[in-house]
Amino acid sequence: MRVISPRLYLTCSFHSTRECRMEKDAICTLNTLQTNASALEQVRRERSHPQLQLQAMRSFLERAGLTVENLDHLNIIHVTGTKGKGSTCAFAEQILRGYGFRTGFYSSPHLVQVRERIRINGQPIGKELFTKYFWQVYGRLDETKDAHGGTMPAYFRFLTILAFHVFLQEKVDLAVIEVGIGGAYDCTNIIRKPWVCGISSLGIDHTQILGDTLEKIAWQKGGIFKPGVPAFTVKQPEHAMSVLRDRSKEIGCPLWVCPELEDYQADDGPLRLGLAGQHQRSNASLALQLSHTWLQRRCLPDKSFSSTSVENTGRLQATGFKPSPIMLKGLADTEWPGRTQTLKHGAVTYFLDGAHTMRSMQACVHWFRETAAQHERNASGPVARVLLFNATGERDSAAMLKLLTPCQFDFAVFCPNITEAIASCNADQQNFNVSVENMLTRCLDNERSWRLHHSPGDNEGTQLLIEDSLPLVLEKKDDTLVFPCILSALRWITQGRDSVVADPAKTVLPVKPSIMAKAAPLCDAAEIHVLITGSLHLVGGALKHLDPASSK
């Protein structure tokens, strides 16, 4: 791969076509960090000695010209959790931006473009800024690698360093930082002095890294607590809450439990949320406590922080308060794409939710059944329901698919997190850590799991529904289909009824006529409702096609 001198980029003028090319080169260089051999060897060493992860992160930070002391000036809100941490951050950032503060927001993963992970005032940083700051950081790390055994930070570490650099250079008033995985040994945990910390709902995920019990996971999440820094959590299972209480006492961090959203006093009735789903209510309560505490501690330092009562259990219970008009507007205006998101394109309605754990899938099913039913009541005729699903990594996709069976889909469609089978050089969504064959095999496994839930004992195979394309071709069942990419799946599901997906500029491999004939129920239906779930990467790949503006 051609590597271009960072200094060249720092001295260039940015014109539109050159800007796009330079951004693409930066992202392609970033993607090499996914499979950097020395980085992978370093990760293997650190798994048996996790404390080395933070030591390594500090070293990379210093090589990039930053120090942990620099991070003290970012006025950070630090948030972890298994489910809802991104939504919580989005609520809190929107609220504080409403007060006129210049905000930074670091989150993961991205849906369509990697620049989404680093936001200024709610917007992904522009191509010019991304390219400029990318090469500043990459250049410093590249120039020092020979003195450090040739090591470069892996993908997420690099982006975390880049985010800190961007926020410092752009002089944000505060930074909302979402933890990547876990907490104690996550690379964001080099933060020493946040103003407040938050833990959203806990569940089982990333067990190979965090442990296979809720107690072990709670211990990891509680690792972001800092001495004397107030922390908030939502209601948790008692065993997990007990671990969080112990961690807070051990670290010397006061920990409060958020009240129900109904406990906040508003003049105009129930609080309105910009994000759909009952599960967002606890995220909104957590965001209210985080933003309220940040404002108190950062802006009213002469007033002692005290808004709690103590329960008999010894647990500190945060009290509801009367949210300001700015807070109410912030909650109502919050947008967080790919999470309980609905897009209507004429006769086709898409329901997108990146649920990828058991608890988040339960919440997704509840939201979809309720929301889809509302849409169906307003439909002009029969509605066809389609599931588009993929799951990756160590997640129990069979168990998640079982949760989805009550949704009564007419078709279940599976595809890997590949946007297009005919490559369009989409560097933002390249993943070099998993082979195409492995991704397709996982899709076939998911399809078999779905059929077993519906037809126990049926062991017939399926096929990839593209002519002369790939060797994984078996026999098929009528109600389940597997496609080699997201665009092929969307084209078949929508049957030309969504002009955005049917864009002739986007080429797909030809589908067998016999498979096209199976789509008669989709053609006859008055409307098509599509739930896209199981993976945020799948949702992001779908949004690339469904919302072309997201790729600009």
Starting from the C-alpha separation in whole Å, work towards a yes-or-no answer on salt bridge (charged side-chain N to carboxylate O under 4.0 Å, His left out) for Lys235 and Glu260.
CA-CA 9 Å; Lys235 288 183 178 178; Glu260 300 292 337; 3.2 Å; yes
Between Asn390 and Ser535, a side-chain donor and acceptor under 3.5 Å: no
Check: Under the 3.5 angstrom rule, does the side chain of Gln341 hit a backbone N or O of Asp353 as a donor-acceptor pair?
Finding: no
- Message: Please determine whether side-chain contact (heavy atoms from CB on, under 4.5 Å) holds for the pair Asn31 and Tyr155, giving the CA-CA distance in whole Å, both sets of side-chain angles, and the decisive distance to 0.1 Å.
- Response: CA-CA 7 Å; Asn31 286 345; Tyr155 187 88; 3.6 Å; yes
| request: Report yes if some heavy atom in the side chain of Ile486 is under 4.5 Å from a heavy atom in the side chain of Glu420; otherwise report no. | output: no
### Polar side-chain atom of Thr340 near backbone of Ala276 as donor-acceptor pair, under 3.5 Å
yes
Separation between CG (Asp263) and CG (Leu271), nearest 0.5 Å, reads 11.0 Å
CZ (Phe411) and CG (Leu388) are apart, to the nearest 0.5 Å, by 13.5 Å
Shortest non-hydrogen pair, Pro259 vs Gly320, comes out as CG-N, 3.8 Å
For Leu202, is there any backbone N or O sitting under 3.5 Å from a side-chain donor or acceptor partner on Arg359? yes
Taken to the nearest 0.5 Å, the spacing of Leu538 CG from Cys415 SG works out to 5.0 Å
| So His537 and Thr392, side-chain hydrogen bond (donor to acceptor under 3.5 Å, both in side chains) or not? Walk me through it. | CA-CA 9 Å; His537 300 288; Thr392 59; 5.8 Å; no
Task: Worked check of side-chain contact (heavy atoms from CB on, under 4.5 Å) between Arg281 and Gln278 - done: CA-CA 6 Å; Arg281 299 180 69 78; Gln278 285 294 314; 3.3 Å; yes
> Is the CD atom of Gln408 crowded by more than 12 outside heavy atoms at less than 6.0 Å?
Replying inline: no
Open item on the list: Between His110 and Gly540 (side chain of the first, backbone of the second, donor and acceptor by atom type, cut-off under 3.5 Å), is there such a pair?
Closed with: no
4.5 Å side-chain heavy-atom contact, Val365 and Leu404: yes
Note to self: Go through it in stages, so that I can follow the logic: the residues are Arg497 and Glu527, the test is salt bridge (charged side-chain N to carboxylate O under 4.0 Å, His left out), and I'd like the CA-CA distance, side-chain angles, deciding distance and then a yes or no.
What the structure shows: CA-CA 9 Å; Arg497 302 175 72 178; Glu527 294 186 13; over 6 Å; no
Exercise for the section: Quick one: do Tyr264 and Gln289 satisfy side-chain hydrogen bond (donor to acceptor under 3.5 Å, both in side chains)? Show the steps, please. Expected result: CA-CA 11 Å; Tyr264 296 86; Gln289 294 293 333; 2.9 Å; yes
*Step by step, work out the side-chain hydrogen bond (donor to acceptor under 3.5 Å, both in side chains) result for Tyr99 and Ser324.*
CA-CA 10 Å; Tyr99 281 92; Ser324 70; 2.6 Å; yes
Closer than 3.5 angstrom, by distance alone: can the side chain of Arg385 be matched with the main-chain N or O of Val530 as a donor-acceptor pair?
no
message = Keeping Glu116 on the side-chain end and Val112 on the backbone end, is there a donor-acceptor pair under 3.5 Å?
response = yes
Check: Is there side-chain contact between Ile120 and Leu129, with at least one heavy-atom pair below 4.5 Å?
Finding: no
Original post:
Any donor and acceptor pair, going by atom type alone, linking the side chain of Thr334 with main-chain N or O of Gly330 inside 3.5 Å?
Top reply: yes
Taken to the nearest 0.5 Å, the spacing of Glu23 CD from Asp25 CG works out to 10.0 Å
#### Entry: Close aromatic pair by centroid cut-off 6.0 Å: Phe134 and Phe158
yes
Item checked: Test salt bridge (charged side-chain N to carboxylate O under 4.0 Å, His left out) applied to Arg451 and Glu447, step by step -> CA-CA 6 Å; Arg451 281 191 291 108; Glu447 188 273 345; 2.6 Å; yes
Rounded to the nearest 0.5 Å, the CD atom of Gln362 sits from the CE atom of Met400 at a distance of 11.5 Å
Side chain Trp492, main chain Ala519, donor-acceptor under 3.5 Å:
no
**Request:** In plain terms, say whether Arg442 and Asp445 are close enough for a salt bridge, that is, a side-chain N and a carboxylate O under 4.0 Å apart.
**Result:** no
For Glu170 and Tyr133, the nearest pair of non-hydrogen atoms, with its separation, is OE2-OH, 2.6 Å
Could you go through the side-chain contact (heavy atoms from CB on, under 4.5 Å) check for Leu275 and Phe91 one step at a time?
-> CA-CA 9 Å; Leu275 303 183; Phe91 279 128; 3.8 Å; yes
Taking the side chain as C-beta and beyond, is there a heavy-atom pair between Val386 and Leu531 under 4.5 Å? no
Report, as yes or no, whether the 6.0 Å neighbourhood of atom CZ on Arg272 holds more than 12 heavy atoms from other residues, nucleotides or ligands. no
Heavy atoms of Pro416 and Cys485 approach each other most closely as CD-N, 4.2 Å
Looking at side-chain heavy atoms only, is the closest gap between Pro548 and Val500 below 4.5 Å? yes
Note to self: What verdict does the ring-ring contact (aromatic ring centres under 6.0 Å, His included) test give for Phe167 and Phe105, after you've listed the backbone C-alpha separation in whole Å, the side-chain angles of each residue and the deciding distance to 0.1 Å?
What the structure shows: CA-CA 9 Å; Phe167 296 155; Phe105 179 9; 8.9 Å; no
- request: Measure the acute angle between the ring planes of Phe414 and Phe389, then classify it against the limits of 30° and 60° as parallel, tilted or perpendicular.
  value: perpendicular
_CA sep, side-chain torsions, deciding dist, call: Thr32, Thr29, side-chain hydrogen bond (donor to acceptor under 3.5 Å, both in side chains)_ = CA-CA 5 Å; Thr32 66; Thr29 302; 5.9 Å; no
Original post:
Heavy-atom distance under 4.5 Å between the side chains of Leu273 and Leu261, does that happen here?
Top reply: yes
Looking only at heavy atoms, the pair that brings Ser200 and Gly84 closest together is OG-C, 3.8 Å
Q: May I ask you to decide whether Lys132 forms a salt bridge with Glu128, counting only side-chain N to carboxylate O separations under 4.0 Å?
A: no
What one should report as the nearest heavy-atom pair of Ala347 and Ala526 is CB-O, 3.7 Å
Can you check whether Leu162 reaches Phe130 side chain to side chain, under 4.5 Å on heavy atoms?
yes
Q) Any sub-3.5 Å donor-acceptor pair from Thr160's side-chain atoms to Phe156's backbone N or O? A) yes
Between His78 and Val179, does the side-chain contact (heavy atoms from CB on, under 4.5 Å) criterion hold? Intermediate values first, please.
CA-CA 7 Å; His78 200 194; Val179 168; 3.3 Å; yes
Next on the checklist: So for atom CD, which belongs to Glu335, do other residues, nucleotides or ligands contribute more than 12 heavy atoms lying within a distance under 6.0 Å?
Outcome noted: no
d(His545 NE2, Arg491 CZ) to nearest 0.5 Å is 9.0 Å
Ring centroid separation for His375 and Phe351, is it under 6.0 angstrom?
yes
Self-check item: Sub-4.5 Å side-chain heavy-atom contact between Leu546 and Tyr350
Solution: yes
Here the pair of heavy atoms bringing Ile532 nearest to Ala542 is CD1-CB, 3.9 Å
### Query
Can you tell me if Asp186 uses its side chain to pair, donor with acceptor, with the backbone of Ile181 under 3.5 Å?
yes
